[in-house]
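So you know, we letter chains A, B, ... as the sequences are listed, proteins then strands, and number each from 1. The figures here come from the full heavy-atom set of this structure, side chains too, leaving out hydrogens, waters and symmetry mates.
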Protein chains: 2
Amino acid sequence: MTKMDDVAKLANVSTATVSRVLSKNPNVSLKTQRRVLEAVDILGYKPNRLASNFRKRSSKTVVVVLPDITNSFFSKIVQGLEEVAQSRGYHVLLGDTRNNVESERNFIDLVNQKFVDGMILATARLPKEEILAVSQEIPIVLACEYFDGFDIPTVTIDNVSAAREATQHLVNLGHRRIGFISGPLSIVLGRDRLKGYRQAMLINELPVEESLIQEGDFTVQAGYNAMMKLMASNHPPSAIFAASDEMAIGAMKAARNKGLNVPEDVSIIGFDDIPAGTYVHPELTTIRQPAFEIGTQAMNLLLDMIKGCAKERKQLVLPHQVVLRETTTSPRG
Amino acid sequence: MTKMDDVAKLANVSTATVSRVLSKNPNVSLKTQRRVLEAVDILGYKPNRLASNFRKRSSKTVVVVLPDITNSFFSKIVQGLEEVAQSRGYHVLLGDTRNNVESERNFIDLVNQKFVDGMILATARLPKEEILAVSQEIPIVLACEYFDGFDIPTVTIDNVSAAREATQHLVNLGHRRIGFISGPLSIVLGRDRLKGYRQAMLINELPVEESLIQEGDFTVQAGYNAMMKLMASNHPPSAIFAASDEMAIGAMKAARNKGLNVPEDVSIIGFDDIPAGTYVHPELTTIRQPAFEIGTQAMNLLLDMIKGCAKERKQLVLPHQVVLRETTTSPRG
DNA sequence: CTGAAAGCGCTTACAG
DNA sequence: CTGAAAGCGCTTACAG
C-alpha cells in the first residue's frame, strides 16, 4: 500500500504539504500543488480514510435508526436523508432494528463509541430518559417520533391535526358512523392520530363508540383484521379512517372479501401517501406526509448541529396534505 | 473524554491489559479482568472505535450499492444483508445511487480509501472493466447483477430460466399471442429475461413478433405505457409477461383503463414477488425471487471473503419459483 | 499472565 | 508558503 510518505518523497515535499494539497488547503503554491498531484497520480495514491477519520475525530458518517427499511414510508425518508448526506459529504450507516429494542440500543451505542458523528432516530422504542441522556452528549434528531415536553430536535408533521382533518373529510361527505383503525397506542404518533380522530368526532358532536376503534400495527394484515371486526358489528361504520396506508389497503381487501364496494358501500381514507396507494383500485384517498422532505430536513438539521452552526434546538413541523383520490364518497341513502 | 490510559491507571494495569480485557482476550487472570471491568464501569469508559478501526485496519463496515432503496425488491435484499451483517458484527453503509453512475463511482471509491472492508453491488452501471479492477483488490460481491465470463463472486437467480417458465406458464394456459414488457436492455438481467421469453416462444413454435415486445424501466409508469401500446395493436396479445411486478401492476392499471378485465380479457404475470403484488386486485401471479435470501447469501459470501476463509470465488444461483395467484387464466373462446 | 514500547497513517499547531 | 515534530487512542508483537 502506498502511503503519504511515498508521495511526499516522490514530490520532494513534506507529508504536511501533501496533506494540505489533498485537503484543498489554499496555502500551497500552485507549483507545489501540481508536483504533489502528479506524484499522487503516478503512485495511484489514495489517502487512508481510517487514519484520517481517527486523526480528525470524525467519520463523516451518521447512523439512521429505523424500524423497517422495507416499509416504503421509511425508505422514502432514508432516500431524503441520503440525498442531503451525499451532497454535504456525509455517509449514512443503516440501522434497521426490525422493531427490536436491543438492536436499537446497539446502534445508539455506535455514537457513544464515536463511530458516527450523529444519529437520526426514526424509531424510539427505548425509554425516553435513555435517549435524552445520549442527546445531551451527541447530535441526535428525531424523525417522525418525538418526546412530549423535551427539547430534542425533531422533524415531524402535526399528527393530531392531520388525523382530525382526515376524519373531518369523512364527516364533510356526510358520514356519521366513522370507524378508526389505529396505529399502536404504545407510540406517541399512534396516540396522536387517535386524539385527532376523537377531536373531530367531538367537534361534530358525533359519539365516539369504543367499538368503532380498532388498534393495529400499521401493517396490511392488521388493517385487514381490524376491518373484519368493524364490519362484523351489527351497526357497521359507513366510513373508515386508517392510521396508515398499509392498514387502509388491508381494509380495502377485507371490504372486497365481504362483498362491499369501496367507496360506494364504505369509504376509506389512509395515512402516509405511499406509492402503493395508487397501485390499488380504486386509488386510495389519504393524508400525505412529506417523507422525502422529512428526511432532507432531518439530515440538514443534524449536520448543522454537528458543524455547530445550529442556532438552537429546533422542532420542525412539516405540512401534511389531504390527497383526494377515489376511496371516499358520500354515504348511501 | 475518558480514555484507555485513565482506565489503566485506575485499575493499576497497563493499557495493553485493558485492551486485552475489552477485546475478550482469554489470557488475562480473572482477578485482573474484574479489576479492569470495574474501572471501566466507574469511569463509564467506551473505547474509541475510530482509533480501534485505524489500528486494526478495519472498520467492520461494508458498503451496499443499489439503484433505489425505495424499490421494495432492493429494500428486502438490504434487510437480508443487514440481518447477517448484524449477526456477524458488521455494519452496512448505505449507497443509494438513485441510478446515477457518478454516485456509484463515489461509493466504490470508499473501498479504495479503505473506509469499508468490502462492497456489495446490487447495481452495476459502471463499465465492467472498472468493477473488475477493484474486485481484484478488494472483496466485492454482485447481488442480482453479474458479468458474463468473469469470476466475480455473484448471487443471482437464473433469469433466463425464470423468464422462460413465466412465459411457459402462459403458453400452458393456452395463450399463443403473448406480449412481453421488458426491463432495460442495457443491463444483463433485462436481456436475460428477454432471452427466456424468446426461448419459450421458440420451444413452443410461437412466432416472436417484435411488436409484442415493449421495453420499460421496471416502473409502474413504464408498465402502464407499454401496456397501452400493446393494447393499441390491431391484434393485441391475450397475455402479458412483465419483467417486474411494478410494470405488471402498471399493465393492470392500463388494462382496467381500457375496460379490460384481468384475467378474463387479458392474463398478466409479473416478476419479483414484491408485497404490493398482493395489495392489488386481482392478486398478481408472478415469479418469486428470494430477495431476502439473496441478501443473506451475498453478505455471508462477502464476509467469508473478508475473513479470508472463502474457499473459492463462488457464483451462487438461488432458486426462483412461479407463484400462482389470480391474474392468469386461459384465454377466451 | 502482564508490561514497555513501537507504531498504525494521517493532520495540525508551531515556527520560520 | 513550507517543514519538523508531536500526537490522535488504540493494538500488538516481543520479552519476561
Between Val7(A) and Val36(A), what is the shortest heavy-atom contact and its length? CG1-O, 4.2 Å
Decide yes or no for Thr156(A) and Val317(A): does some side-chain heavy atom of the first lie under 4.5 Å from some side-chain heavy atom of the second? yes
How would you label the contact of Asn48(A) with the nucleic acid (heavy atoms, under 4.0 Å): base, sugar-phosphate, or nothing? sugar-phosphate
Rounded distance (Å) that lies between atom P of dC10(C) and atom CE of Met4(A): 5 Å
How many whole angstroms separate atom CG of Leu30(B) from atom P of dC1(C)? 8 Å
Does the side chain of Leu66(B) come within less than 4.5 Å of Asp96(B)'s, by heavy atoms? yes
Do Gln79(A) and Arg98(B) have side chains that approach each other closer than 4.5 Å (heavy atoms only, starting at C-beta)? yes
Check: Asn106(B)/Asp109(B) side-chain N/O donor and acceptor closer than 3.5 Å: no
Ignoring backbone atoms, establish whether Arg57(B) has a side-chain N or O less than 4.0 Å from OP1 or OP2 of dT11(D). no
Between Asp217(B) and Thr219(B), is any side-chain donor less than 3.5 angstrom from a side-chain acceptor? yes
Cut-off 3.5 Å, side chains only: do Arg88(B) and Asn300(B) have a donor facing an acceptor? yes
Is the phosphate of dG3(C), meaning OP1 or OP2, less than 4.0 Å from a side-chain N or O of Ser14(B)? yes
Select one nucleotide: of dC8(C), dC10(D), dC1(C), the one nearest the side-chain heavy atoms of Thr32(B). dC1(C)
In short, Glu145(A) meets Leu189(A) closest at the heavy-atom pair OE2-CD1, 4.4 Å
Where DNA chain D forms stems, i.e. three or more consecutive Watson-Crick or G-U pairs with both distances under 3.5 Å: C:1-3 with D:14-16, C:5-12 with D:5-12, C:14-16 with D:1-3
Short N/O separations, protein against nucleotides 12-16 of chain D, under 3.5 angstrom:
from: dT12(D); atom 1: O4'; to: Arg55(B); atom 2: NH2; distance (Å): 3.3
from: dA13(D); atom 1: N6; to: Arg20(B); atom 2: NH2; distance (Å): 3.3

Salt-bridge test for Glu102(B) and Arg105(B): reply yes if a basic N is under 4.0 Å from a carboxylate O, no otherwise. yes
Heavy atoms of Gln315(B) and Phe150(B) approach each other most closely as NE2-O, 3.8 Å
Separation of atom CG in Asn12(A) from atom P in dA4(D), rounded to whole Å: 11 Å
Please determine whether a side-chain nitrogen or oxygen atom of Ser52(B) lies at a distance below 4.0 Å from atom OP1 or OP2 of dG9(D). no
Using a strict heavy-atom distance below 4.0 Å, which residues from residues 33-45 of chain A are in contact with DNA chain C? Tyr45(A)
Check Ser59(A) against Phe115(B) and note the closest heavy-atom contact, atom names and distance. O-CZ, 3.6 Å
